[in-house]
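Down below is the structure, laid out as C-alpha cells.
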Amino acid sequence: MPGAPASLRLPRALAAPAPGWTTSADVIVVGSGIAGLTCALRLRERVDRVLLVTKTVLDEGSTAWAQGGIAAALHPEDSPEEHLEDTLVAGVGLCDRAAVEALVTEGPRRVRQLVALGAEFDRDAEGEIKLTREGGHHRDRIAHAGGDATGREISRALIAALDRVRDDPGIEVVEHALVVDLLQEDGADSDSHRVIGVTLHVIGEGQLDGVGAAYARAVVLATGGLGQIYTSTTNPPVATGDGMAAALRAGARMTDLEFIQFHPTVLFLGEGSTGQQPLISEAVRGEGAFLVDGAGNRFMQGRHELADLAPRDVVARAILETMREQGTDHVFLDARHLGSEFLERRFPSIMASCRSLGFDPATELLPVAPAQHYASGGIETDLRGRSSLAGLYACGECSCTGVHGANRLASNSLLEGLVFASRIASDIPARIAEGELPEPQPGTPARAGGTEAGPGALLDNSQRLTVQRAMTAGSGPVRSAESTAATAAALAELAALPPSTAEPGPKTWETTNLLHLGQVLTELAHRRNETRGGHVRLDFPERDDARWLVRQSVTVSPDRTVTVTERSMP
C-alpha cells in the first residue's frame, strides 16, 4: 500500500569531475568480499570479459572480519527446513520465505563448493567439518575456520582462486577504485533508465587514474554495508555504503533500511571510542560463555528459551535494558570458566585482540556493549539478484534479498553472499544469450543518475563525525519519535550547508553517501512506530502485527523527491 511522499529530496548524482578515461566489459562487479569474488569468478567462466573493481585492496572488505562462521545444514541430523524455521523466527515476520528457502536449500552445496575451491574449515577427529552453534540456531550448523577466522580463510581461498586466473584476459581486477555513481541510459525512450556502467575514481592505476567511466551490459554491486554511519561499528573503515547510496540516487528501490543489527557483544573501550570496534563473536557464547551485569547476575536467564544464545535483537535489547536500569554504559561477558587453553585454541584472533587491548578473557570479565554490526536492508532484489533498475544487480550486505527480514540470523550473511552471487552469475549469461542485456553502443547518451537534474551539493569530510553522532543519538540502537525527528533535523541542516567548502574526492563522496543513507534510514525509522527485530522504539516497545507487518521501501524520482511505500506481508 503506497505511503505519503516523504519530505526529503536527494540529488541524483554527486558532484564529480568529468570522466577522463573509459573502459568496458560484459559485466562490472563492484566489491571483493564473498559475494563479489564468488560472482566474478563464476561469471568469468561464462562471459567474455568481467571487470572486478574494489575500493582498496582485495582482502580489506567485511568478509575478512567475519569471526563466527557460515551457517548451513551440513550435519546429517540437521535439515534445511530447520534452518529455514530459525531464520524466519529471527526475521520476526518480515522475511521473504522464497528467498530463505533458496538460501537454506542451496547453502550446503555452495559451502561444499567453497571447500572444493580450497577453503579449509576446521575439522573434527573423524575429518568432518566441525560445527558449532550461535544465537537463534537450534542446531550446531556453523562451520568455522582457524577457530575464529572464518571470513579471512574464505577470503583467502577466493583470492587464491582469482590469482590462478589473473593472466586470463577474461577478467580484470582494478583495486583502489571507488564507485561514485551509476551510469544510466539517457533518452526519451529509456523509461527504465537502464544501468549501463559506473563512474569510478581510481588512485594510481596507470592510465586509469582519477575519475573515469566503465561501461557494461550489467553491473553487480557487492559493496558491503554502511557501518561507518555510526560512531561505533564492527565494520571496517571502507564500509561507507557507497554502492547503496549510488543505487539510491539512481532510483533503485531500497527496502528495510531501518533494520540495523547491533551486535550485542562488542568490546567496550570506554566513552568516546569511535570507529571500528573489536567484536567478541557470538560463537564465544555458543561455546558456553554468558552475560552478567555489574553484580555478576546472569540477566539472560528467563528472558528467552535460548538464554544467552537468543537471537541478537533479543540479547542486544536485554543488554540495553540492563544498562538503562543500572545506569551503566556496559555489561560483562564471562568466559573465564572455559579456560585459557580452550580459548586460545578456539578463538586465537579474539584472544590476541583482547590481550593487545589489556583484557584477558581467560582471567577477567570482558566489558561489552552493543555496536552497529550489519545492515539487514539495502538494494531490493528478486531471487535472481535483479534490482528494480534494468541492468543492475546486487548481492551481499548492500542488497536486500528478503532473507533477513527485521533481524539477521547469526552467520547467515556469508551464506547469503555465496548463494545469491551464484544465482546472479547464472542469470546474467542466460540473459545475455537471450539478447536481454545488450552491449552499450559507443556514443550512447548516458549520465550519472539518468536525469538532467544536476549533481547535488557535497558534504565535506570534516562533517563526518557530526553525521555519525546524529545517527547514533537518534537512529541508533534505541529510537523514539523525538530522537529520530532530532536526527532528521540535524541531517537536514548538514544537507543545507553551502557546498563551496567541499571539494570532490573520495573522503567527501563517502561522507555525502553516509548523509544520504542516514536521511532515508532515519525517515523509515521515524515512520516505523513499533519495536521489531533490530528496530527498537522506546515509545512503542511492543510488536504490532496488526498495523506493522509491512516492509518499507524508498525510491528517489527523477525530480529528486523521495517516495516511501509500504507492502503488507502475508
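If you read the sequence from its start, that first residue is 1, and numbering goes on from there. It should be emphasised that the depicted structure is a prediction, and the values quoted were computed from it without experimental measurement.
Between A72 and D78, the closest heavy-atom pair is O-OD2, 4.4 Å. The two atoms that bring A246 and V180 nearest to each other are CB-O, 4.1 Å, heavy atoms only. A pairwise comparison of heavy atoms in V266 and A371 identifies CG2-CB, 3.7 Å as the closest pair. What you find for T240 and L514 is that their closest heavy atoms are O-CD2, 3.6 Å. When all heavy atoms of M471 and I229 are compared, the closest pair comes out as CB-O, 3.4 Å. In terms of heavy atoms, S376 sits closest to C400 at O-SG, 4.2 Å.
Seen from the ring of Y393, R386 does not count as a face-on cation partner, given the 6.0 Å and 45° thresholds.
A heavy-atom distance below 4.5 Å is not found between the side chains of V220 and V30. Using a 4.5 Å heavy-atom cutoff, the side chains of H263 and S281 are not in contact. Contact of the S411 side chain with the L415 side chain is not registered, since no non-hydrogen atoms from C-beta on lie closer than 4.5 Å. Contact of the L221 side chain with the I379 side chain is registered, since non-hydrogen atoms from C-beta on lie closer than 4.5 Å. Within the 4.5 Å cutoff, the side chain of D242 has heavy atoms near those of the L178 side chain. Using a 4.5 Å cut-off on side-chain heavy atoms (C-beta onward), I432 and E436 make no contact. Between V403 and R408, every side-chain heavy-atom pair lies at or beyond the 4.5 Å cut-off. The shortest distance between side-chain heavy atoms of L524 and F259 does not fall below 4.5 Å.
Sequence neighbours left out, not one pair with a member in residues 237-256 passes ring-ring contact (aromatic ring centres under 6.0 Å, His included).
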Could you go step by step and tell me if M254 and V556 meet the side-chain contact (heavy atoms from CB on, under 4.5 Å) rule?
-> CA-CA 9 Å; M254 313 290 290; V556 180; over 6 Å; no

Evaluate the side-chain contact (heavy atoms from CB on, under 4.5 Å) criterion for residues L103 and T401: first the C-alpha distance (whole Å), next the side-chain angles of each, then the deciding distance (0.1 Å), finally the verdict.
-> CA-CA 10 Å; L103 179 86; T401 62; over 6 Å; no

Show your working on salt bridge (charged side-chain N to carboxylate O under 4.0 Å, His left out) between E106 and R423 and close with a plain yes or no.
-> CA-CA 10 Å; E106 297 176 22; R423 284 180 156 242; 2.5 Å; yes

Can L52 and L162 be said to form a side-chain contact (heavy atoms from CB on, under 4.5 Å), step by step?
-> CA-CA 10 Å; L52 173 64; L162 182 62; 3.9 Å; yes

Would T255 and Q552 satisfy side-chain contact (heavy atoms from CB on, under 4.5 Å), going step by step from the backbone distance to the final call?
-> CA-CA 6 Å; T255 299; Q552 297 187 117; over 6 Å; no

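Checked by atom type and distance alone, the side chain of R217 pairs as donor or acceptor with a backbone atom of L437 at under 3.5 Å. The main-chain N or O of H193 is found under 3.5 Å from a side-chain atom of Q184 such that the two form a donor-acceptor pair. Side-chain atoms of T38 never come within 3.5 Å of backbone atoms of A421 as a donor-acceptor pair (strictly under, hydrogens ignored). When atom types are taken as modelled, the side chain of W21 and the backbone of A214 share no donor-acceptor pair closer than 3.5 angstrom. Remark: side-chain polar atoms of R551 are not paired, donor with acceptor, to backbone N or O of C95 under 3.5 angstrom. Judged by distance alone, the side chain of E175 and the main-chain N or O of K55 form no donor-acceptor pair under 3.5 Å. At distances below 3.5 Å, at least one donor-acceptor pair connects side-chain atoms of E153 with backbone N or O atoms of E120. The closest donor-acceptor contact from the side chain of T512 to the backbone of L458 lies at 3.5 Å or more, if one exists at all. Under the 3.5 Å distance criterion, the side-chain polar atoms of S32 are matched with a main-chain donor or acceptor of L58. Looking at S353, its side chain never comes within 3.5 Å of a backbone N or O of S349 through a donor-acceptor pair.
Under a 4.0 Å N-O distance rule, the pair R346/D122 does not qualify as a salt bridge. Between R567 and E380 there is a salt bridge, since at least one side-chain N of the basic residue sits less than 4.0 Å from a carboxylate O of the acidic one. Under a 4.0 Å N-O distance rule, the pair R464/E510 qualifies as a salt bridge. Note on K130 versus D124: no salt bridge recorded, every NZ/NE/NH1/NH2 to OD/OE distance being 4.0 Å or above. Salt-bridge formation is not detected for the pair R141/E134: no Lys NZ or Arg NE/NH1/NH2 atom is positioned less than 4.0 Å from an Asp or Glu carboxylate oxygen. Note on E434 versus R431: no salt bridge recorded, every NZ/NE/NH1/NH2 to OD/OE distance being 4.0 Å or above. Taking the charged nitrogens against the carboxylate oxygens, E282 and R312 do have a contact shorter than 4.0 Å, which makes a salt bridge.
Using bins of under 30°, 30° to 60° and over 60° for the plane-to-plane angle, the ring pair Y374/H404 lands in the perpendicular bin.
If you take CG on N412 and CD1 on I142, they are separated by 7.5 Å, rounding to the nearest 0.5 Å. Here CG of L88 is found 10.0 Å from CG of D96. Values are rounded to the nearest 0.5 Å. A distance of 11.0 Å separates CG of D163 from CG of L158, quoted to the nearest 0.5 Å. To the nearest 0.5 angstrom, T233 atom OG1 is 8.5 Å from L226 atom CG. Between the SG atom in C395 and the CZ atom in R384 there is a gap of 15.0 Å [rounded to 0.5 Å]. For the atom pair OG1 of T22 and CG of L200, the computed distance is 11.5 Å after rounding to the nearest 0.5 Å.
Defined by atom type and a distance below 3.5 Å, a donor-acceptor pair is missing between the side-chain atoms of R253 and S387. Side chain to side chain, R249 and H516 meet the donor-acceptor criterion of an N or O pair below 3.5 Å. Judged by distance alone, the side chains of S79 and E82 do bring a donor and an acceptor atom under 3.5 Å apart. A donor-acceptor pair shorter than 3.5 Å can be found between the side chains of T511 and N461. The closest side-chain donor-acceptor pair between Q261 and N407 falls under 3.5 angstrom. If you check the side chains of T234 and H373, you find a donor sitting under 3.5 Å from an acceptor.
Looking at residues two or more places apart in sequence or on another chain, you find no side chain to side chain donor-acceptor pair (under 3.5 Å) involving S232.
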